[in-house]
There are 2 protein chains.
Amino acid sequence: MVTESRRETESRREREIRQRESQILDIARGQILTAGYLGLNMDRIAAEMEYSKGTIYQHFRNKEEILLALANDAQQQRIRMFQAAADSSGRPRERLCAIGAAAEAFLEQYPHFFMVEQLVRSVSIWEKTSPERRKLMRNCEQRCMAIVVSIVRDGISVGDLALPPEVTPEDVVFGCWSMNWGGMIIATTSDSLADIGIAHPGLALHHNMSALLDGYHWRPLSTEHDYAAHVQRVKQELFPALEPQAN
Amino acid sequence: MVTESRRETESRREREIRQRESQILDIARGQILTAGYLGLNMDRIAAEMEYSKGTIYQHFRNKEEILLALANDAQQQRIRMFQAAADSSGRPRERLCAIGAAAEAFLEQYPHFFMVEQLVRSVSIWEKTSPERRKLMRNCEQRCMAIVVSIVRDGISVGDLALPPEVTPEDVVFGCWSMNWGGMIIATTSDSLADIGIAHPGLALHHNMSALLDGYHWRPLSTEHDYAAHVQRVKQELFPALEPQAN
DNA sequence: TCAAAAATTGACGAAGCGTCAACAATAGAC
DNA sequence: GTCTATTGTTGACGCTTCGTCAATTTTTGA
């Protein structure tokens, strides 16, 4: 009995030293996914682990830190996917479309990450968290931005894109980012899009993104090239989903 | 003493019957504006009014209902402003720009409304509220959509715009909506945009909106017409701000 | 004037966050 | 192997907030 108990305790300890932090985050992720921000509950995290609340607070100063840690994981994952897309072959505008495909795959494969990022932006979580973690977040945002901006620069340098003097590559990325982010938020949080007349938000987003880049005269124009097919190809090759998902 | 007390009570009663609901909302608005979602506190609302908590719960079933009521006010206000913009004179694309100006003015003049709408979308408030209020919200969304869609239809019918067969007017509106919403969220919730290279998000949004509509070949193109000036004019004439605000 | 109906109150239960004094396990010295 | 210092763990507790409800006050209208 004592031996049994001791062995169990030791094995638990081993596990904990390696995995506890990510275990906390896994559980938190699940809770947020099933019940949103208000479903995230410190006591329940403790209950779902084999640990008490106090121990959780040794890893994270408060609830918001957990949320920000999750958001950070989300950004890391997005950066990985964006980088893979940016490294794909093709002309710059094709690679930008690949980024779009990455963003789409990100939403489909990690919906909890998307939710968490939304939360961090709307509920005032920011000011309750530690400066270190905030800095980490900003850093990720900058890296993500840099990846996409460099594609726009490539477009300019190969002569596919010529921006007017008052528009910077960063502005273009801001446009893509805005449309993607806004479109995804609306698509995932408006329950009556179909009633409004938007049966296929994913498709509409593609059309609008094409129009945006066509508006900047980025060659080849969407009339000269089948970007939809490219997006499909990239998604299947770089970001294969577990199950194919209708849009 | 008794008379004094009775008179006060009666006057309070008069006020209450007319104003109580909007008084609750006013206070709630202020709390959200200063301290976000978590700053909204039923006990403090009660304290700031001359009433007790129980009375507030006679007007609103729960906290979320207050939030949704505020969101509803926001939408009503936005519809008013959108309608004014839609009724302005000019060619259809100019009127669409006027809608953009309205959205901008809305954000500047009613920041709390913007915050509330964001909250309703991200924190899972929806399922805790009454079906009636939810229906009201959907209705507003549809009306708002209809206003803008009719401008796009006007553009088509006067021959300024010719959409490809796979794109509907609703899709175009979805694009404008996405970009505006996404851009505004990013601009108001990213504290390090300047570090990222976006010094003037408002200006960038204009450029991107121009590119989007240019991409659909909506005449007159942004190269043929000064839409920025139009936006400025509309904002000043239709939506004069209390104090002129830098972007 | 008075009883029935309606409005108002705030104490209360429930639930959640974060703390901390007490307890347990481990490491290291001898 | 034993003992002490350090480090880790626990859950009861204080505090805050939501939403309820029995008791009380006010209003209505007969």
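Below, chains carry the letters A, B, ... as their sequence lines are ordered, and counting in each starts from 1. Given the structure is predicted, the values throughout are model-derived calculations rather than measurements.
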Identify, with sequence neighbours excluded, every residue that meets salt bridge (Lys or Arg N to Asp or Glu O under 4.0 Å) alongside B:Asp191. A:Arg138
Those residues at least two apart in sequence (or on a different chain) that pass salt bridge (Lys or Arg N to Asp or Glu O under 4.0 Å) with B:Asp26 are B:Arg29
Mind checking B:Ile45 for me? I need base, sugar-phosphate or nothing, with any heavy atom below 4.0 Å counting as a touch. nothing
Hey, could you give me each pair passing side chain to side chain donor-acceptor pair (under 3.5 Å) that has a residue in residues 65-75 of chain A? Not counting sequence neighbours. A:Glu65-A:Ser130, A:Glu65-A:Arg133
Distance col, row A:Leu38:CG vs B:Glu127:CD, nearest 0.5 angstrom, shows 9.0 Å
So, does B:Thr55 get its side chain near the phosphate of C:dT9, meaning an N or O under 4.0 Å from OP1 or OP2? yes
Compare side-chain N and O positions of A:Arg44 against OP1 and OP2 of C:dC17 and report whether any pair is under 4.0 Å apart. no
Heavy atoms within less than 4.0 Å of DNA chain D: which residues of residues 116-126 of chain B have one? Give them sorted by number. none
Heavy atoms under 4.0 Å is the rule here; annotate nucleotides 19-24 of chain D 5' to 3' with B where the base is hit, S where only the sugar-phosphate is, and - elsewhere. BB----
Under 6.0 Å from the CZ atom of B:Arg134, do we count more than 12 heavy atoms belonging to anything else shown? yes
Please list, for nucleotides 22-24 of chain C, all pairs of protein and nucleotide N/O atoms separated by less than 3.5 Å.
none

Below 4.0 angstrom from OP1 or OP2 of C:dA15, is there any side-chain N or O of A:Asn41? no
